[in-house]
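The structure appears below as structure tokens.
Since this is a predicted model, take the numbers as computed values, not measurements. All heavy atoms count here, side chains included; hydrogens, waters and symmetry mates do not.
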Amino acid sequence: MDNIGFDYSNSFIEHHQIEYMQPFIEMAHSLLHDGKDSRGDFIGWMDLPEDPDKHELAMIEKAASRIRHDSDALIVIGIGGSYMGSRACIEALNHSFYNHLPIDRNRGPRIYYAGNNMSSSYMADLMDMLDGLNISINVISKSGTTIEPAVAFRLLKGYMEDRYGREESRHRIYITTDRDSGSLRALADGEGYASFVIPRDIGGRYSVLTAVGLLPMAVSGIDIGELLAGARHGMEEYSRTQVDDNICYQYAMARQILYGRGKEIELFINYEPRLNNLGEWWKQLFGESDGKDGRGIYPSPINFTTDLHSMGQLIQDGRKNLFETTLYIERPNHDIGIRMDESNLDGLNYLADRTVDFVNKKAFEGTLMAHTRDGVPNLVIRLPRIGEYYIGKLIYFFQKACAIGGYLSGINPFNQPGVEEYKRYMFSFLGRPKG
């Protein structure tokens with residue numbers, strides 16, 4: 001089987017500079033691996049692909065089958081890591097217009113998202129659009145009190161009970177929350193909702209391979225077993241301490257080297273629109289992990305060739321405080337040939353018998369050459385194709401690189417003190433009672 005590849009030959013980083021960091025990578029590796037039982041950090045994700053909860057997986061598959069049978073749409077309620085990973089995978093691994101296909105042509109129900117903003121217009125439009133569709137809800141929150149999903153769930157729970165009655169709603173509401181505590185756990189136990197567990201030792205942005213991500217993915221028709229197989233092989237491959245044998249550690253070190261040279265912005269680039277929300281998941285993973293103690297690389301997803309017509313000028317001729325990481329897909333899921341046209345008014349006959357993907361790849365090559373010639377470092381991650389196995393492995397690649405990079409830079413990659421600070425101010429302004 002082909003493998004994920006990593007190329008830093010266009011980053012202005014020499015091989016000996018990567019080799020020089022070997023002692024530091026061994027230290028970071030030891031901190032992550034050897035201290036995991038004593039430190040109590042959120043690192044349950046590290047071994048998860050090797051030993052997933054088989055009972056939980058069976059329950060996920062059973063619930064997904066039931067939702068697929070009795071629902072035209074699933075509403076995923078969550079914010080941040082509670083929905084971004086599943087959305088990234090659902091959009092990457094399904095039809096580009098998944099929600100717009102006729103229901104009988106889709107692999108699963110339509111998937112909609114709520115609780116990821118506080119827009120009243122969005123919620124009103126969502127509830128209006130649900131008219132005539134049989135629906136189920138999956139609400140995801142460890143505490144149950146995060147305000148965006150809590151408000152959305154209160155509204156949609158009321159909508160469900162008005163429409164179906166309380167008894168049938170119990171069979172259409174699925175809870176993913178803490179095993180033992182929190183308001184959602186109490187509600188699930190009291191109402192008899194089907195429920196799934198967010199492990200206490202896995203933070204939200206690392207939770208995509210738990211029930212948090214796996215239930216919505218299974219509903220959409222994704223093979224979650226193959227996704228976990230890819231992650232498991234990533235876990236094995238990316239645990240090697242020798243940097244020459246570990247592209248995950250090479251990526252983590254390349255980011256640190258470039259940051260040390262004043263490259264404070266990382267553009268995560270894809271050439272496939274279905275990967276746009278994978279970039280959003282990546283943004284949260286690295287932004288919330290790295291950004292603390294007055295430091296951190298600013299992560300920004302960019303979509304090419306689209307954004308070459310809006311951001312290309314700035315990237316090439318603007319301040320040289322950024323670098324690019326491109327996710328390059330070697331084989332598209334589909335390709336389309338370009339036909340000869342007798343009039344040739346568009347002047348494209350020179351591309352006759354070529355394909356759209358051929359043009360896309362030449363756009364990548366041209367962009368890479370232009371940007372590196374103007375001093376913009378480029379890292380390239382090569383994915384053989386977009387499929388469950390490779391996406392699962394890529395998820396583990398980024399999670400591990402993020403954790404190792406945090407230790408290389410001397411920060412805790414698993415907390416988010418700034419997020420908690422804004423919540424305190426917001427709740428005080430809302431007048432929430434204390435206690």
*Report yes if the side chains of D290 and R295 come closer than 4.5 Å at any heavy-atom pair, otherwise no.*
no

*asked:* Closer than 3.5 angstrom, by distance alone: can the side chain of D307 be matched with the main-chain N or O of S310 as a donor-acceptor pair?
replied: no

_Student check: side-chain heavy atoms of T177 and V139 closer than 4.5 Å_ = no

*Is a side-chain N or O of K263 found less than 3.5 angstrom from the main chain of E324, in a donor-acceptor match?*
no

*Return the minimal non-hydrogen interatomic distance between S220 and I90, and the atom names on each side.*
OG-CG1, 3.7 Å

*Nearest 0.5 Å, what's the CD1-OH distance between I75 and Y113?*
10.0 Å

_Using the rule given for salt bridge (Lys or Arg N to Asp or Glu O under 4.0 Å), can you reason through E266 versus R255, listing the C-alpha separation, both sets of side-chain angles and the distance that settles it, and then say yes or no?_
CA-CA 8 Å; E266 180 178 12; R255 295 180 79 249; 2.7 Å; yes

*asked:* Side chains of N134 and S71 only: does a donor on one sit below 3.5 Å from an acceptor on the other?
replied: no

*Above 12 or not: heavy atoms from other molecules or residues under 6.0 Å from CZ of R354?*
no

*Over 12 non-hydrogen atoms of neighbours within 6.0 angstrom of CE in M369*: no

*Can T145 and S143 be counted as having a side-chain donor-acceptor contact under 3.5 angstrom?*
yes

*Go through the side-chain N and O atoms of N360 and T305 and say whether any donor and acceptor fall under 3.5 Å apart.*
no

_Pair K157, E161 - check salt bridge (Lys or Arg N to Asp or Glu O under 4.0 Å), show working._
CA-CA 6 Å; K157 178 173 175 286; E161 291 179 350; 3.3 Å; yes

_Any donor-acceptor pair under 3.5 Å from D178 side chain to K142 backbone_ = no

_Verdict with supporting geometry, N333 and R385, side-chain hydrogen bond (donor to acceptor under 3.5 Å, both in side chains)_ = CA-CA 7 Å; N333 288 19; R385 63 180 181 83; 5.4 Å; no

*Measuring from D128:CG to M123:CE, what's the distance to the nearest 0.5 Å?*
12.0 Å

*Would the number of heavy atoms belonging to other residues, nucleotides or ligands and lying under 6.0 Å from NE2 of H309 be above 12?*
yes

_Residues H171 and R66: side-chain donor-acceptor under 3.5 angstrom_ = yes

*Donor-acceptor pair, S289 side chain versus P413 backbone, under 3.5 Å?*
yes

*Return yes when atom CZ of R163 has more than 12 non-hydrogen atoms of other residues, nucleotides or ligands closer than 6.0 Å, and no otherwise.*
yes

*Under 3.5 Å, is there a donor-acceptor pair between the E264 and N321 side chains?*
no

_Side chains of L32 and I404, heavy atoms from C-beta outward: is any pair under 4.5 Å?_
yes

*Could you walk me through whether T210 and V197 pass the side-chain contact (heavy atoms from CB on, under 4.5 Å) check?*
CA-CA 8 Å; T210 71; V197 172; over 6 Å; no

*Answer yes if the side chains of R205 and S82 hold a donor-acceptor pair under 3.5 Å, and no otherwise.*
no

_So does I135 get a backbone contact from the side chain of Y164, meaning a donor-acceptor N/O pair under 3.5 Å?_
yes

*Is there a donor-acceptor contact under 3.5 Å linking the side chains of D357 and T355?*
no

Can you list, pair by pair, the side-chain donor-acceptor contacts under 3.5 Å of residues 393-401, counting residues two or more places apart and other chains?
from : atom 1 : to   : atom 2 : distance (Å)
K393 : NZ     : N3   : OD1    : 2.6
K393 : NZ     : E237 : OE1    : 2.7
Y396 : OH     : M46  : O      : 2.7
Q399 : NE2    : Y206 : O      : 3.3
K400 : NZ     : H33  : NE2    : 3.1
K400 : NZ     : Y238 : O      : 2.8
K400 : NZ     : Y249 : OH     : 3.2

*Under 3.5 Å, side chain of Y98 to main-chain N/O of G108, donor-acceptor pair present?*
yes

*Got more than 12 heavy atoms from elsewhere within 6.0 Å of NZ, K62?*
no

*Do any N or O atoms from the side chain of E148 and from the backbone of I79 form a donor-acceptor pair under 3.5 angstrom?*
no

*Does T146 reach the main-chain N or O of P149 with its side chain, forming a donor-acceptor pair under 3.5 Å?*
no

*So, R331 and D2, do they make that salt bridge, N to O below 4.0 Å?*
yes

*asked:* Donor-acceptor check, side chain of K320 to backbone of V376, threshold 3.5 angstrom: yes or no?
replied: no

_Can you confirm whether the side chains of N378 and T372 place a donor and an acceptor under 3.5 Å from each other?_
no

*Neighbour count above 12 (heavy atom, 6.0 Å) for E50 CD*: no

*Does some side-chain heavy atom of D180 sit less than 4.5 Å from a side-chain heavy atom of R200?*
yes

*Output field: ring centroids F364/Y328 closer than 6.0 Å*: yes

*Would a line drawn from the ring center of H233 to the ring center of Y389 be shorter than 6.0 Å?*
yes

_Would you compute the distance between atom CZ of F153 and atom CE of M160 and round it to the nearest 0.5 angstrom?_
8.5 Å

_Ionic contact status for E191 with R166, cut-off 4.0 Å_ = yes

